[in-house]
**Student:** 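Mind having a look at this structure? Questions to follow.
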Amino acid sequence: MIADFICLDSLATPAPLHTIMTDELPPIYFYLPQSDWVEDMPKSADTYWQGFGQGIYCWTLQTYLRLKADGFPCELTGTMPTEGIVLAHRRSFPFALQPQAKLLMVCLKADYERHPYAQLHVVQNPQEESTFKDSSYIPLWSQPGLIPRDPARGDRFENAAYFGITYNLASELKKPSWQEHLKALGLSWQIVKSERWNDYSDVDVVVAVRSFDRQDYTWKPATKLINAWCAGVPAILGTDFAFRAERQSELDYLEVPSLEDAIAALQRLRDDKELRRAMMENGRVRAEKTQPVRLVIQWRNFLTDVAVPAYERWCTASTWSRQTFLQRRSLSIKINSVQHRIQLFASGSKKN
């Protein structure tokens with residue numbers, strides 16, 4: 001992708017070190033298209049709701065609910081605003097939508113591509129913050145309404161589980177042979193259904209590997225690790241960049257780059273209850289630093305120190321500067337499209 005040039009200073013430049021009073025803020029909206037509003041949307045982000053398993057609600061609705069509960073002035077809307085700061089999931093912003101003179105678009109990127117015309121992006125992987133201009137890394141929320149492992153299970157090590165969408169699980173862990181390996185270790189295996197993604201009460205170890213091809217998945221969050229910490233359950237994970245970015249010691253999780261390593265890690269945990277205890281205690285400590293109250297502070301700081309100054313720069317910029325920004329973004333789209341077609345052609349030629 002070609003570098004974006006804008007006649008304004010970088011829109012993500014932090015504000016000077018002073019406190020912006022909330023009564024001085026411009027209108028701040030979380031946009032969820034009316035077509036995505038459902039009758040059972042919760043009024044509290046601490047409530048377990050299956051919808052929070054979808055990025056569009058987890059990022060937009062949950063963030064709004066947590067900020068609103070903290071007293072931060074913001075509004076949830078089903079209609080695209082024409083003025084102010086509007087935050088929306090990437091799927092909610094139409095591809096061709098361009099910000100007008102009094103509108104700052106903050107795209108909650110999640111697992112998707114950047115929005116071509118959003119002035120700012122919030123990303124869920126720290127690698128993306130250094131890769132994409134005008135991006136800010138904010139971790140994804142942990143599982144609302146999480147039920148931790150039942151303390152009465154003590155040192156039992158019987159149940160291994162995966163929490164997440166099935167297609168995000170390595171193919172080797174979906175085969176009958178995987179269950180046979182676990183059975184030989186005295187373990188049962190379950191891929192937890194979405195209606196129970198909050199329930200870790202009978203789980204003794206989490207296994208979450210996207211693939212064994214050593215990809216680093218620089219667009220994915222570390223949520224599965226964070227949830228395991230919060231649940232008090234040891235985790236066996238893949239080589240994701242987000243996991244490694246959080247890792248301070250082996251007690252945080254066991255990394256397994258191969259199927260054989262995954263089996264060996266399970267056997268190691270089965271045979272070493274002291275290691276399991278140490279990982280569970282370490283997880284409780286690490287979980288304290290991932291609590292929603294801390295992320296609320298990070299969100300407030302982003303909005304007041306990054307988004308508001310960017311909005312002010314956008315609104316006070318010349319018409320020529322704003323048009324140049326949009327034109328160069330449009331040019332970037334065209335160049336990327338040409339590059340993509342060339343890559344497809346080259347790939348087809350090699351196959352032939």
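Sequence positions, counted from 1, serve as the residue numbers for this chain.
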**Student:** Counting only heavy atoms not in Q100, do more than 12 fall under 6.0 Å of its CD?
**Tutor:** no
**Student:** In the hydrophobic clustering (ILVMFWY, side-chain contacts below 4.5 Å, transitive), which residues join L146, or is it alone?
**Tutor:** Y48, F163, I165, Y167, V192, W197, Y200, V203, V206, V233
**Student:** Report the residue from F52, W49, Y64 that forms a ring-ring contact (aromatic ring centres under 6.0 Å, His included) with Y57.
**Tutor:** W49
**Student:** Hydrophobic cluster membership, with links at side-chain heavy-atom distances under 4.5 Å among I/L/V/M/F/W/Y: are L295 and L76 in one?
**Tutor:** yes
**Student:** May I ask you to check whether D199 and S201 show a side-chain donor-acceptor distance below 3.5 Å?
**Tutor:** yes
**Student:** State, to 0.1 Å, how close K109 and R90 come at their nearest heavy-atom pair, and which atoms those are.
**Tutor:** O-CB, 3.8 Å
**Student:** Just do the side chain to side chain contact (heavy atoms under 4.5 Å, CB included) check on L108 and L87 with the steps written out, would you?
**Tutor:** CA-CA 7 Å; L108 310 177; L87 299 96; 4.3 Å; yes
**Student:** Is it true that a side-chain atom of E129 and a backbone atom of S136 form a donor plus acceptor pair closer than 3.5 Å?
**Tutor:** no
**Student:** State, yes or no, whether a side-chain contact exists between L237 and E255 at a heavy-atom distance under 4.5 Å.
**Tutor:** no
**Student:** If you link I, L, V, M, F, W and Y whenever their side-chain heavy atoms are under 4.5 Å apart, who else ends up in the same group as F212?
**Tutor:** F157, Y162, L169, L173, W178, L182, L185, L187, W189, I191, V205, V207, V209, I236, L251, L254, V256, L259, I263, L266, L269, L275, M279
**Student:** Once you round to the nearest 0.5 Å, how far does CH2 of W37 lie from CG of L61?
**Tutor:** 8.5 Å
**Student:** Report yes or no: is the cationic atom of R66 (NZ for Lys, CZ for Arg) under 6.0 Å from the centre of the six-membered ring of W141, at an angle within 45° of the ring normal?
**Tutor:** yes
**Student:** Donor-acceptor check, side chain of D155 to backbone of K273, threshold 3.5 angstrom: yes or no?
**Tutor:** no
**Student:** Sequence neighbours left out, cut at 3.5 Å: what donor-acceptor pairs do the side chains of residues 283-290 make with other protein atoms?
**Tutor:**
unit_1: R284; atom_1: NE; unit_2: E281; atom_2: OE1; d: 3.3
unit_1: R284; atom_1: NH2; unit_2: E281; atom_2: OE1; d: 3.4
unit_1: R286; atom_1: NH1; unit_2: E246; atom_2: O; d: 3.1
unit_1: R286; atom_1: NH1; unit_2: D252; atom_2: OD1; d: 3.0
unit_1: R286; atom_1: NH1; unit_2: D252; atom_2: OD2; d: 2.8
unit_1: R286; atom_1: NH2; unit_2: E246; atom_2: O; d: 3.1
unit_1: T290; atom_1: OG1; unit_2: A287; atom_2: O; d: 2.9

**Student:** State, with a plain yes or no, whether a side-chain heavy atom of T47 is found less than 4.5 Å away from one of P144.
**Tutor:** no
**Student:** Who pairs with E180 by salt bridge (charged side-chain N to carboxylate O under 4.0 Å, His left out), at least two apart in sequence or on another chain?
**Tutor:** none
**Student:** Are the side chains of N159 and R153 in contact, using a 4.5 Å heavy-atom criterion?
**Tutor:** yes
**Student:** If you group Ile, Leu, Val, Met, Phe, Trp and Tyr by side-chain heavy-atom gaps below 4.5 Å, do L97 and L326 land in one group?
**Tutor:** no
**Student:** When clusters are formed by joining ILVMFWY residues with side-chain heavy atoms under 4.5 Å apart, either directly or through shared neighbours, do V296 and L140 land in the same one?
**Tutor:** yes
**Student:** Which is it for L120 and C107 under the side chain to side chain contact (heavy atoms under 4.5 Å, CB included) test, yes or no, and what are the steps along the way?
**Tutor:** CA-CA 6 Å; L120 299 180; C107 177; over 6 Å; no
**Student:** Would T324 and S321 count as having a side-chain donor-acceptor pair, cut-off 3.5 Å?
**Tutor:** no
**Student:** Counting N and O atoms only, with roles assigned by atom type, does the side chain of R214 sit under 3.5 Å from a partner on the main chain of S258, one being a donor and the other an acceptor?
**Tutor:** no
**Student:** Running the 4.5 Å side-chain criterion over Ile, Leu, Val, Met, Phe, Trp and Tyr, what cluster does Y217 land in, apart from itself?
**Tutor:** W219
**Student:** With no hydrogens and no angle check, just 3.5 Å: does a side-chain donor-acceptor pair link S135 and E128?
**Tutor:** no
**Student:** Sequence neighbours left out, what passes salt bridge (charged side-chain N to carboxylate O under 4.0 Å, His left out) with D150? Give chain and number order.
**Tutor:** none
**Student:** Any idea which heavy atoms bring H115 and H121 closest together, and the distance?
**Tutor:** N-NE2, 2.9 Å
**Student:** I want to check something: taking the side chain as every heavy atom from C-beta on, are Q124 and W59 in contact at a cut-off of under 4.5 Å?
**Tutor:** yes
**Student:** Just verifying a value: how many Å separate T63 OG1 and L303 CG, rounded to the nearest 0.5 Å?
**Tutor:** 9.5 Å
**Student:** Find the distance between CD1 (I226) and SG (C230) and round it off to the nearest 0.5 Å.
**Tutor:** 7.0 Å
**Student:** Evaluate the criterion salt bridge (charged side-chain N to carboxylate O under 4.0 Å, His left out) for residue pair R149 and D204; output intermediate values, then yes/no.
**Tutor:** CA-CA 7 Å; R149 181 178 185 270; D204 301 313; 2.8 Å; yes
**Student:** Can you tell me how far CD of E172 sits from OG of S211, rounded to the nearest 0.5 angstrom?
**Tutor:** 8.0 Å
**Student:** What is the distance from atom OG of S188 to atom CD of Q179, rounded to the nearest 0.5 Å?
**Tutor:** 9.5 Å
**Student:** Let me confirm one number: the CZ-CD distance from F132 to Q127, rounded to the nearest 0.5 Å.
**Tutor:** 9.5 Å
**Student:** Looking at K220 and N125, would you say the former's side chain and the latter's main chain have a donor-acceptor pair under 3.5 Å?
**Tutor:** no
**Student:** Using atom types as modelled and distance alone, determine if a side-chain donor or acceptor of D70 lies under 3.5 Å from a backbone N or O of F72.
**Tutor:** no
**Student:** Let me see the working for I85 and V106 under side chain to side chain contact (heavy atoms under 4.5 Å, CB included), right down to the final yes or no.
**Tutor:** CA-CA 7 Å; I85 298 172; V106 182; 3.9 Å; yes
**Student:** If every non-hydrogen atom of A317 is compared with every non-hydrogen atom of R322, which pair is closest and at what distance?
**Tutor:** O-NH1, 2.7 Å
**Student:** Quick check: do Y117 and F325 have side-chain heavy atoms less than 4.5 Å from each other?
**Tutor:** no
**Student:** Test R196 against Q190 for side chain to side chain contact (heavy atoms under 4.5 Å, CB included), laying out the working first.
**Tutor:** CA-CA 12 Å; R196 292 188 58 247; Q190 62 173 320; 3.7 Å; yes
**Student:** What's the shortest heavy-atom distance between P221 and A242, and which atoms?
**Tutor:** C-CB, 3.7 Å
**Student:** How far apart are the closest heavy atoms of P234 and M280, and which atoms are they?
**Tutor:** CD-CG, 3.7 Å
**Student:** If you group Ile, Leu, Val, Met, Phe, Trp and Tyr by side-chain heavy-atom gaps below 4.5 Å, do F302 and L104 land in one group?
**Tutor:** yes
**Student:** Using the rule that two of Ile, Leu, Val, Met, Phe, Trp, Tyr join whenever any of their side-chain heavy atoms come within less than 4.5 Å, decide whether F30 and M41 are in one cluster.
**Tutor:** yes
**Student:** With distance as the sole test, does S92 use its side chain to make a donor-acceptor pair with the main-chain N or O of A88 at under 3.5 Å?
**Tutor:** no
**Student:** Take atom NZ in K174; do more than 12 heavy atoms of anything else shown fall under 6.0 Å from it?
**Tutor:** yes
**Student:** Could you pull out the closest heavy-atom pair between S194 and Q50, with the gap in Å?
**Tutor:** OG-NE2, 3.0 Å
**Student:** Just by distance, with hydrogens left out, do Q215 and D213 show a side-chain donor and acceptor under 3.5 Å apart?
**Tutor:** yes
**Student:** Quick check against the 3.5 Å criterion: does N168 have a side-chain atom that pairs as donor or acceptor with the backbone of R210?
**Tutor:** no
